[in-house]
Amino acid sequence: MFEVRVRFAPSPTGELHIGGARTALFNYLFARAAGGTFILRIDDTDQERSKPEYIDALMEAMCWLGLDWDEGPYMQSQNLDEYNRQAARLLADNRAYHCYCLPEELDEGRAAARKAGKPYLYPGKCRELPEEEARALLAAGRAPVIRLRTPDRGETVIDDEIRGRVTFDNSTLDDFIIVKSNALPTYNFASVVDDYLMKISHVIRAEEHLSNTPRQVLCARALGFTLPLYAHVPMILAPDRSKLSKRHGATSVEEFRSQGYLPEALLNYMALLGWSPGEEEIISLPTMIEQFSLARVNKTAAIYDTVKLTWMNGYYLREADPARLARLAVPFFQKEGLLPVNPGDHELRYLQSIVATVRDRVKTLAELADASTYFYRDHFNYDVKGVQKHFQKEESATLLRRAADTLRLLPVFDQESTEAAYRGLAETLGVSTGQLIHPTRLAISGRTIGPGLFDLMVLLGKEKTVRRLEKAAAYIENKAT
RNA sequence: GGCCCCUUCGUCUAAUCGGUUAGGACACCAGCCUUUCAAGCUGGCAGCAGGGGUUCGAAUCCCCUAGGGGUCACCA
């Protein structure tokens, strides 16, 4: 039995989006399920587009999700000598050659091929370039690239763990570039070298890489490397069925986080895209590890749907430990201006009791904060429809004043006592409890929807409740005159 | 356009070797519960892309068509 070693190898050219995160998750699950090693590698051989801040953001996102890696991060930019060494070997073996063609020269051929409706293949101009000419070109200041000498005939076969046998005709593959003119390796080359050196057993990545795979196999064979096993997982598509990109709005882990999604919800939702567990859909990371297998990963691209993710987030919101939830909610309350930068113990305790009550009816942390504003602000507008419904008759004012008077006299202000008081008052006044409850809710929260009224009053406290009832009564009386 | 991959309710998916009233989840609708809104519970709507084969029998195997996606860079 060989050791399972897998890697997640993003290029730091943007935020970690849900597709990349899901690939990371599957690698993680596969490694953990097999007792193997999960490696983080940063494929940063593109100097132009790679940005250090993306590396930090990437690791931050993975930590937030709880996808801890065992080795790395390894940077390809730190391993340049190795690629050069391997390329030199290929050159010495005549399995690769220098090519002096300029990109512009090649562009002409490309344009012509496109016009003719044919695929463009490098014509092999420098394949057998005489020594003299090469020297002359070099002397003229041309920086060559290195191309792999690929077979013209035969086929390259990949036995993919998920997709089965995939065959490519070698005649459709040209002598592709493995080292750029700036001496940096291309993805197909660097990736093969590292996967071999790191003893990667399974390359688990998105399907978009499937058509690159024969090139990598050719590289590995030229280098004399044994091949890893490949598993190409289905892509995650945007709602418009196209590949995920910035223009699709919230797709990065960081964005989901800032919208108030919980890591366990995002993780659970992502796991369901392209894979299905046993009986239960709601599963924790440890359970995913127990149940994960590549055999149950399907081949169909999935369109992600935030509606289901949001539902799931609501579920996890209600399940979460209240103290933890309060901690996670802090930035959202700060953003609404409800909490100071450094909230004290008292404020955090109050937050926790609010969160524990309000979370039952919201689906994200952002909604949670939004639904909690009236606990912190005395000034708010009354819901317009609510006013029409509950503040229209002048006797409503009387009702509210009677309620305020009753509550004020309560020696104990808790769920039971307030409810008993209200039910008693309704009876003496000869009205239904609802006739008392609805105007009260509007009076103390400005809203027609929210937590159970008695929870709400207790959370607000006797003083504020009574004050707001009287304020509302005055509002109704003013309105009437 | 060439090459490669894919195709079960609107969306995510199940249906181990071909035999199921094609199952579940989200969403939606209805009812129950109820001080509102949620949640919860119960029920409902909704799918094998199309056409040919093979077979006693096909969502499942084969072929064709259509559709979708990916990829064709000195990006990964």
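The chains referred to below are lettered A, B, ... by the order of the sequence lines, with proteins before strands, and numbering in each begins at 1. Keep in mind that this is a model prediction, so the values were computed, not measured. Below, each value reflects all heavy atoms present in this structure, side chains not excepted, and no hydrogens, waters or symmetry copies.
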Discussion item. Could you check whether the side chain of E208(A) and the base of rG69(B) have a donor-acceptor pair of N or O atoms closer than 3.5 Å, going by distance alone?
Written reply: no
Discussion item. Suppose you measure atom P in rU20(B) against the same atom in rU60(B); what distance do you get, rounded to whole Å?
Written reply: 13 Å
Fill in: K180(A) vs rA76(B): side-chain N/O to OP1/OP2 distance below 4.0 Å
yes
Discussion item. Is there, by distance only and without an angle test, a donor paired with an acceptor across the side chain of N212(A) and the base of rA76(B) below 3.5 Å?
Written reply: yes
Discussion item. Using only modelled atom types and a 3.5 angstrom limit, is any donor from either the side chain of S181(A) or the base of rC74(B) paired with an acceptor on the other?
Written reply: yes
Discussion item. What I want to find out is whether R142(A) reaches E105(A) closely enough, with some N-O distance under 4.0 Å, to be called a salt bridge.
Written reply: yes
Worksheet, complete the sentence: Closest to the side chain of D305(A), out of rU11(B), rA25(B), rC75(B), is rU11(B)
Worksheet item: Think K243(A) has a side-chain N or O under 4.0 angstrom from the OP1 or OP2 of rU71(B)?
Response: yes
Worksheet item: Side-chain N or O of T300(A) less than 4.0 angstrom from OP1 or OP2 on rU13(B)?
Response: no
Fill in: Note: R41(A)-D195(A) ion pair, threshold 4.0 Å (strictly below)
yes
Discussion item. Any salt bridge linking R49(A) with D46(A)? Criterion: basic side-chain nitrogen under 4.0 Å from a carboxylate oxygen.
Written reply: yes
Worksheet, complete the sentence: Under a 3.5 Å limit on both distances, the Watson-Crick or wobble mate of rA39(B) is none
Fill in: Any-strand Watson-Crick or G-U partner of rC33(B), both distances under 3.5 Å
none
Discussion item. Under a 4.0 Å threshold between the charged nitrogen and the carboxylate oxygen, would R423(A) count as salt-bridged to E419(A)?
Written reply: yes
Worksheet item: Paired with rU7(B): which nucleotide, if any, by Watson-Crick or G-U wobble criteria at under 3.5 Å for both distances?
Response: rA66(B)
Response to the item:
As its Watson-Crick or G-U partner within any shown strand, both distances under 3.5 Å, rA73(B) has none
Worksheet entry | R110(A) side-chain N/O to rA73(B) phosphate OP1/OP2 under 4.0 Å | yes
Worksheet item: Do the side-chain N or O atoms of K299(A) get closer than 4.0 angstrom to the phosphate oxygens (OP1, OP2) of rC6(B)?
Response: yes
